[in-house]
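Everything on this sheet refers to the single structure shown next.
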Amino acid sequence: MIRVSAPHITEDDIEAVVGVLRSGMLAFGRVGEEFEKQLARYLGVKHVVTVSNGTAALYLSLKALGVSQGDEVVVPDFTFFATASTALLAGATPVLVDIELETYTIDPDQLHEAISGKTKVVVPVHLYGHPADMDRVTEIASEKHLHVLEDCAQALGAEIRGRKVGSFGHAAAFSFYPTKSITTGEGGAVATDLDSVADVVRLLRNHGQKSRYYHVEIGWNMRITDVQAALGLSQLKRLDEMNEKRRKLARVYLEELASVSQVRLPIEKPGVKHVYNLFTIWVEGDGTRDKLAKYLRDRGVEIAIHYPTPLHKQPALAGAKKSSSCCPNSDAASRHVLSLPLHPGLSESDVVTVAKLVKSFFSELP
Ligand SMILES: Cc1ncc(COP(=O)(O)O)c(C=O)c1O
């Protein structure tokens, strides 16, 4: 079986985790703080605050940006559920906006219409590892005096003109789930240059404790452990290498599949660095995507659909608001996209095998 995504774990990672286990100091502490420091340096931001997962990172960022009851948060309609559910959890209403089909990221042309007097935050998502159009998103947001929260769950290491995503908004949320660029099992982080945001996230992830057993707010326990942080710290050392491997494998797919007219391949816009957290293709034709998915699965290739249901069709998000042009592109993407296997543990010949199967599927198609 060729897996669609998989964590890349080395002996060094294992030793780092075992080292913490042997130390007997398992909860968040010195190793977690070091992980935060190294990650902040990597991203080029002032603060990184680790939290229990990417969902917590989004939620605590919204709280720290002052989102509360009655506010609106603009999010793309085509993303993982948590981008929007966290707005609802913070008491706000998510406003769903369509995506552009070239990159599957939020369409800045739709923002003006989606922004109202109640809007507090815009959340661009760097989906699949390709940066959203941050120039236009930040320009419109600053015109309207809104905060920008980058959802970087799938894009650690991605860049715009040599600058890392996560350093453009007022805050950014990262995930270290096992399918992401680096993993801590479960884990996440908020990156920000703003002292005020970092302070609130630090406070709320730890029961609102200002000092030991002295609570100034109602918070949560959303800390990661030093066991997790040790894995993150060890993985961070190899992040650029792992992203380069992803980019190399992506180039193999791009070359192998260039001649397949029924498939639209991912693009990398000029000036940006795509980190291919997912290698997601668009399959032309009615129902052809699902036939290709079955064909590949039957031949030992795991695939995934990111995502089969756009947010405006999610029963749990019935409380969300759709912008008036929501969301033909997102609807179409949910019917046509297919993620092929891509992770640093794959070899070039694995990728060639998958690409050959894709080609043979289309050559056998009546
Ligand atoms: C775009 C996006 N946002 C948020 C999240 C939530 O991260 P986590 O699973 O760590 O809570 C994910 C994770 O899949 C994601 O892909």
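Since we're looking at a predicted model, the values are computed, not measured. Counting convention: from 1, in listed order, for ligands and their atoms alike.
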Out of His306, Lys180, Gln154, Glu186, whose heavy atom is nearest to atom 13 (C) of ligand 1?
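Selected option, by shortest heavy-atom distance: Lys180.
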
Out of Tyr128, Phe80, Phe176, Tyr307, who is nearest to atom 5 (C) of ligand 1 when you count heavy atoms only?
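The residue whose heavy atom sits nearest atom 5 (C) of ligand 1 is Phe80.
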
Of all the non-hydrogen atoms in the protein, which one sits nearest to [atom], and at what distance?
atom                    : answer
atom 8 (P) of ligand 1  : Gly54 N, 3.4 Å
atom 11 (O) of ligand 1 : Thr55 OG1, 2.5 Å
atom 15 (C) of ligand 1 : Ala153 CB, 3.4 Å
atom 4 (C) of ligand 1  : Asp151 OD2, 3.6 Å

Which is it for His274 and Tyr276 under the ring pair (Phe, Tyr, Trp, His ring centres under 6.0 Å) test, yes or no, and what are the steps along the way?
CA-CA 6 Å; His274 191 332; Tyr276 296 99; 3.7 Å; yes

Would you mind running through ligand 1 and noting each atom that sits below 4.0 Å from a heavy atom of [X]?
X      : value
Asn53  : 10 (O), 11 (O)
Thr79  : 1 (C)
Ser175 : 7 (O), 8 (P), 10 (O)
Val125 : 1 (C)

Contacts of Tyr214 that satisfy side chain to side chain contact (heavy atoms under 4.5 Å, CB included) - sequence neighbours left out
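Only Lys210, Ser211, Val216 meet the side chain to side chain contact (heavy atoms under 4.5 Å, CB included) criterion with Tyr214.
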
Think [X] forms a cation-pi with [Y], using NZ or CZ under 6.0 Å from the six-ring centre and within 45 degrees of its axis?
X      : Y      : result
Arg205 : Phe28  : yes
Arg299 : Tyr295 : yes
Lys164 : Tyr42  : yes

Table please: side-chain donor-acceptor pairs of residues 183-190 below 3.5 Å, with sequence neighbours left out.
residue: Thr183; atom: OG1; partner: Phe176; partner atom: O; Å: 2.7
residue: Thr183; atom: OG1; partner: Gly185; partner atom: N; Å: 2.9
residue: Thr184; atom: OG1; partner: Glu186; partner atom: O; Å: 2.8

Under 3.5 Å, side chain of Glu113 to main-chain N/O of Ser324, donor-acceptor pair present?
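Yes: the side chain of Glu113 pairs with the backbone of Ser324.
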
Considering only heavy atoms, does Leu127 approach ligand 1 within less than 4.0 Å through its side chain, its backbone, both, or neither?
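For Leu127, no heavy atom sits under 4.0 Å from ligand 1.
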
Arg289 and Glu284: CA distance, side-chain angles, deciding distance, salt bridge (charged side-chain N to carboxylate O under 4.0 Å, His left out) verdict:
CA-CA 7 Å; Arg289 187 269 310 269; Glu284 303 283 6; over 6 Å; no

